[in-house]
Protein chains: 2
Amino acid sequence: MSAVTIRDVARRAAVSVASASRALNNHASVTPATRQRVIEAARALDYVPHLGARSLSRGRSNTIGVVLPDLFGEFFSEIIRGIDRAAHRRGLQLLLSNMHGSAEETELAIRAMRGRVDGLLVMSPQVDAEFLGRNLPKGLPAIVMNAAASDGTHPTIAIDNLAGAREAVAHLVAQGCKRIAHVTGPQGNADADARRAGFRAAVTELLGADAGIEIEGDFSEASGIDAAWQIISQRPHIDGVFAANDMMAVACMATLAEGGMRAPDDVAIIGFDGVPIAQYVTPALSTMALNLAELGERALEKLVAITESEDAAEATTEMLKPELVIRASSRRHA
Amino acid sequence: MSAVTIRDVARRAAVSVASASRALNNHASVTPATRQRVIEAARALDYVPHLGARSLSRGRSNTIGVVLPDLFGEFFSEIIRGIDRAAHRRGLQLLLSNMHGSAEETELAIRAMRGRVDGLLVMSPQVDAEFLGRNLPKGLPAIVMNAAASDGTHPTIAIDNLAGAREAVAHLVAQGCKRIAHVTGPQGNADADARRAGFRAAVTELLGADAGIEIEGDFSEASGIDAAWQIISQRPHIDGVFAANDMMAVACMATLAEGGMRAPDDVAIIGFDGVPIAQYVTPALSTMALNLAELGERALEKLVAITESEDAAEATTEMLKPELVIRASSRRHA
DNA sequence: GCGGCGCGTGTAACCGTTTCCACGAACTCT
DNA sequence: AGAGTTCGTGGAAACGGTTACACGCGCCGC
């Protein structure tokens, strides 16, 4: 067994546990000689401090909890990477939890964090902020990432889907598109809804309300294919497609080509998310790129900020703006 | 503030903390009446147990630590997903840590787990098992994933890179390739080295030693591009490429096409890893697919097994075999 | 030469749980 | 009816650290 405690170290160094603790944490006021003895004893016994005990007594764990809806694909790995980068910089550990879809699980996951973490990063496209307010152990600072809407009780950091969608449409219009289809994400998904709203607003403003049509999708490859066939059958012809994510855009573009509509000349196509694969399809896919690592990084920084200064806990909302990346799929030669 | 402890609950229910604890953990022998009172008190106060304290007292945290070399891309997100799936099934939490490359950091990461986790999953392509044996707090069960080699002190689960590489080469040869390039991973990385060794062995065996050339890469997109230009300039012409991972394969393939070498007719290409993006590039990329989620899942199961039965701690080695997935990039029409 | 101060150290309380053990009351069994 | 068992409960000791406080000591300044 392990079980070499600070008490063992203290005994071997012939000091009290208090002094041992002080020496190891290079606290003020321990004689160099004492410190030396303690450190040697610790090394000799191969002492590793028990961090659970430490955080109990210090009242702080140097760990932050991360609750994500799913752990699938690059979307989440990028976010985690960003969080980790910032956490590592500050010497924090990450306790990861996956609410497997259901709200019940989310509640469980959040409660399971109590007493293990100093703060929480929660991402919940399908759970509203009110729910969190009800379930967060009081006194646990939390940042809500990309929630449906802030209810003003928790700081939030989100993707500016609305602005992104508008920019995507504006780009298509600038390329000369007159009749634009939007392949939507699933209804009820916060990101999808915001992108749809942005699409509507931009089309109405730039081309007039009847220049845009919406085709229901659900972010999946399959729904991108379905959408393509619907687009092909539209009259008058569609000359621009804005898909709510890259996955659908890629599948849609491939299927449109099969049906004789080639990007970018017959139809200009743009996606959303900026997944790496977008640049390897032919033609390379234009997209509204999200810097998800940055999202994670900023979320963690914000969390640290509110844990450190009690006062700055107002529920501000920060927005991460997608960046327009123009590639071949929407670049008109004319 | 938070700070509603079990003591508060006990006071409100007019029982001792001992009884409160028993009631909440539905332990044996508490009167239904008492239990009821305690539970009501807990709900009224919105009590959430402090898991840090619990694990200190129970000597068990229901958490397992995961130490990974990097958190980049789908490779790791898949592993984490597998680990999470198994952990979730068993009601375990995940403490994630990233050794940012250096051995020093690895040591730190591992020590930082002491007293917070019941077991460790360590993946360390650049660190050998001996290192782990030295740094693991004693008594902490651990599984080594994909290490350079087992020193027999810790159970291991690894990818069968050697067999995978041989199969990839054999496939290229079967497609008629006579002169094959291997874009390698970084030297010193265990996976990369094993794949290189497999390449050499297979080429020598099937075509003769001088039919293969090696081009240094480092698993990155950029190095895939560099490799492509080198391949283009090779004389006699290369007609088969085995890249040590999919990322390089994809980038390499795209660049080769720019340089006039098209897959699969001019050059057959196969990657390694089986990342999802491989099937969406054009032409779709053949690959030696790894079921990384399964790797993670099995690693966790194995860890649980050894934590539960002290005796079964012999250092067995399990291998995960890559699966050949043939797609357009290496399928010769002839 | 004596009071006060600063410094290093030790004692003990504490963090929030769980759990061992003792204790009384209410049973059952002769 | 008295002795032996349950059975529910409470007190208190863990778990492994940190830290407030007290204490003894040598030093300084008057």
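Keep in mind that this is a model prediction, so the values were computed, not measured. In the text below, chain A, chain B and the rest are named by the order of the sequence lines, each starting its count at 1.
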**OP:** Check every strand shown and say whether Ser21(B) touches a base, only sugar-phosphate, or nothing at a heavy-atom separation below 4.0 Å.
**Re:** base
Original post:
So what does Ser55(A) hit on the nucleic acid, given a heavy-atom distance under 4.0 Å: a base, only sugar-phosphate, or nothing?
Top reply: nothing
Subject >> Distance test, side-chain N/O of Arg54(B) to OP1/OP2 of dT18(C), below 4.0 Å >> reply: yes
**OP:** Give a yes/no on whether any side-chain N or O of Ser19(A) is located under 4.0 angstrom from OP1 or OP2 of dT9(C).
**Re:** no
**OP:** Check whether the side chain of Arg114(A) and the base of dG16(C) form a donor-acceptor pair under 3.5 Å.
**Re:** no
Candidates [options] - which lies nearest the side chain of [X]:
{"X": "Arg22(A)", "options": "dG10(C), dG8(D), dT18(D)", "value": "dG10(C)"}
{"X": "Ala53(A)", "options": "dG16(D), dG8(C), dT17(C)", "value": "dG16(D)"}
{"X": "Ser16(B)", "options": "dG11(D), dT18(D), dG10(C)", "value": "dG11(D)"}
{"X": "Ala18(B)", "options": "dA12(D), dG17(D), dG16(C)", "value": "dA12(D)"}
{"X": "Leu56(A)", "options": "dG8(C), dG16(D), dG10(C)", "value": "dG16(D)"}
{"X": "His50(B)", "options": "dG16(C), dC20(C), dT18(C)", "value": "dG16(C)"}
{"X": "Thr5(B)", "options": "dG8(C), dT17(C), dT9(D)", "value": "dT17(C)"}
{"X": "His27(B)", "options": "dG17(D), dG11(D), dT19(C)", "value": "dT19(C)"}
{"X": "Ser57(B)", "options": "dT18(D), dG16(C), dT9(C)", "value": "dG16(C)"}

Original post:
Any side-chain heavy-atom pair from Ser21(B) and Ile6(B) closer than 4.5 angstrom?
Top reply: yes
To the nearest angstrom, how far is [X] atom [atom1] from [N] atom [atom2]?
{"X": "Leu24(B)", "N": "dT17(C)", "atom1": "CG", "atom2": "P", "answer": "9 Å"}
{"X": "Arg60(B)", "N": "dG16(D)", "atom1": "CZ", "atom2": "P", "answer": "16 Å"}
{"X": "Gln36(B)", "N": "dT9(D)", "atom1": "CD", "atom2": "P", "answer": "13 Å"}
{"X": "Asn62(B)", "N": "dT18(C)", "atom1": "CG", "atom2": "P", "answer": "12 Å"}
{"X": "Ile6(B)", "N": "dT9(D)", "atom1": "CD1", "atom2": "P", "answer": "14 Å"}
{"X": "Arg116(B)", "N": "dG16(D)", "atom1": "CZ", "atom2": "P", "answer": "15 Å"}
{"X": "Asp8(B)", "N": "dG16(C)", "atom1": "CG", "atom2": "C1'", "answer": "11 Å"}
{"X": "Arg58(B)", "N": "dC20(C)", "atom1": "CZ", "atom2": "P", "answer": "12 Å"}

**OP:** Select from Arg35(B) and Arg7(A) the residue whose nearest nucleotide in DNA chain D is closer to the 5' end of that strand.
**Re:** Arg35(B)
Original post:
Which residue, Val17(A) or Pro32(A), contacts DNA chain C at a nucleotide closer to its 5' end, judged by nearest heavy atom?
Top reply: Pro32(A)
Subject >> Check ion pair Asp84(A)-Arg81(A) (N to O, under 4.0 angstrom) >> reply: no
**OP:** Inspect the contact between Glu40(A) and Arg12(A) and indicate whether a charged nitrogen and a carboxylate oxygen are less than 4.0 angstrom apart.
**Re:** no
Subject >> Leu295(A) and its side chain to side chain contact (heavy atoms under 4.5 Å, CB included) partner, picked from Ile83(A), Ile157(A), Leu290(A), Leu300(A) >> reply: Ile157(A)
**OP:** Kindly give the heavy-atom pair with the smallest separation between Lys302(A) and Thr317(A), and that separation in Å.
**Re:** NZ-C, 4.2 Å
**OP:** Please determine, by modelled atom types, if Arg22(A) and Thr34(A) share a side-chain donor-acceptor pair under 3.5 angstrom.
**Re:** no
